[in-house]
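Below you'll find the structure, written out as structure tokens, and then a few comments.
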Amino acid sequence: MDKNHNSNKLMNFCNQVFCELYVLDTLVKMTKEACEDREYNGQYYGIPVEKINKLSVERNNYINMLTLLSEKINRVMNINLQIEEELTLEQNPDNCSRQVTT
């Protein structure tokens, strides 16, 4: 019973981590989309022409960093899902030996 209780606690922590990562990834994607929208629509807020290229490069760097950040968050989310899967198998060892027959 104690082992099952610990597994349930770990599963709960995994769920909490996944939810937090999901929210974080959503915020990153929203920020990236806002940067892309401003860049693609040429929103430069009346700055001088000579600074437009510099701002465009800067925005594209931010877009690239946000893309990489989102990819890393998704990798951590996938690792978290693998941990949950292992915990589920540990809680239900009978599931390990089931075979699908057709």
Side-chain angles (χ1 to χ4, degrees):
M1 177 95 163
D2 188 39
K3 183 178 178 181
N4 195 25
H5 176 72
N6 287 336
S7 291
N8 286 337
K9 282 176 70 174
L10 288 173
M11 187 70 86
N12 187 37
F13 291 138
C14 283
N15 287 332
Q16 290 175 12
V17 168
F18 187 87
C19 288
E20 294 298 324
L21 288 168
Y22 184 82
V23 169
L24 182 61
D25 191 43
T26 300
L27 291 170
V28 168
K29 287 179 180 176
M30 289 172 56
T31 305
K32 178 186 165 195
E33 288 172 10
C35 287
E36 289 173 335
D37 185 53
R38 285 182 178 87
E39 181 59 24
Y40 297 147
N41 291 320
Q43 295 178 2
Y44 295 105
Y45 309 107
I47 64 170
V49 176
E50 60 272 2
K51 294 190 179 188
I52 289 177
N53 286 340
K54 185 177 179 180
L55 179 58
S56 182
V57 168
E58 185 177 342
R59 282 182 181 164
N60 282 309
N61 285 336
Y62 289 136
I63 290 167
N64 290 336
M65 286 187 286
L66 290 166
T67 299
L68 291 172
L69 181 58
S70 182
E71 289 172 2
K72 293 295 184 182
I73 291 169
N74 279 291
R75 285 184 186 172
V76 174
M77 289 171 72
N78 285 330
I79 292 168
N80 190 69
L81 289 173
Q82 290 174 342
I83 292 169
E84 284 186 36
E85 186 177 297
E86 289 298 319
L87 287 171
T88 301
L89 290 174
E90 187 177 295
Q91 286 177 340
N92 304 309
D94 294 336
N95 290 341
C96 296
S97 60
R98 289 188 185 171
Q99 293 182 2
V100 177
T101 57
T102 56

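The model shown is predicted, which means the values in this text are computed figures rather than measured ones.
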Inset, instruction - Please check if L10 and I83 belong to a single hydrophobic cluster, counting links between Ile, Leu, Val, Met, Phe, Trp and Tyr side chain heavy atoms closer than 4.5 Å. - result: yes

Legend entry - side-chain contact (heavy atoms from CB on, under 4.5 Å) assessment of N60 paired with I63: CA-CA 5 Å; N60 282 309; I63 290 167; 4.1 Å; yes

Legend entry - ILVMFWY network linking Y22 to L24, side-chain heavy atoms under 4.5 angstrom: yes

Inset, instruction - Indicate if V17 and V28 have the same hydrophobic cluster label, given that clusters are the connected sets of ILVMFWY residues with side-chain heavy-atom separations under 4.5 angstrom. - result: yes

Inset, instruction - To the nearest 0.5 Å, tell me how far Y62 OH sits from E36 CD. - result: 15.5 Å

Inset, instruction - Compare every heavy atom of M11 with every heavy atom of E84, then report the nearest pair and how far apart it is. - result: O-CE, 3.5 Å

Legend entry - N8 side, atom CG; L87 side, atom CG - distance, nearest 0.5 Å: 9.5 Å

Legend entry - Reported CG-to-CG distance for the pair N80 and L21, which is rounded to 0.5 angstrom: 6.5 Å

Inset, instruction - Check whether more than 12 heavy atoms from other residues, nucleotides or ligands sit under 6.0 Å from atom CD of Q16, and answer yes or no. - result: yes

Legend entry - Closest contact, heavy atoms only, T31 versus L66: CG2-CD1, 3.8 Å

Legend entry - Cluster overlap F18 with L27, hydrophobic side-chain contacts below 4.5 Å: no

Inset, instruction - Answer whether the closest heavy-atom distance between the side chains of V57 and N61 falls below 4.5 Å. - result: yes

Inset, instruction - To the nearest 0.5 Å, tell me how far E58 CD sits from C35 SG. - result: 9.5 Å

Inset, instruction - Determine whether M65 and L68 fall in the same hydrophobic cluster, where Ile, Leu, Val, Met, Phe, Trp and Tyr are linked whenever their side-chain heavy atoms lie under 4.5 Å apart. - result: no

Legend entry - Shortest non-hydrogen separation from R38 to R59 and the atoms involved: O-NH1, 3.2 Å

Tabulate below the donor-acceptor pairs under 3.5 Å that side-chain atoms of residues 69-78 make, not counting sequence neighbours, or state none.
from : atom 1 : to  : atom 2 : distance (Å)
S70  : OG     : D25 : OD1    : 2.6
N74  : ND2    : S70 : O      : 2.8
N78  : ND2    : N74 : O      : 3.3

Legend entry - Neighbour count above 12 (heavy atom, 6.0 Å) for M30 CE: no

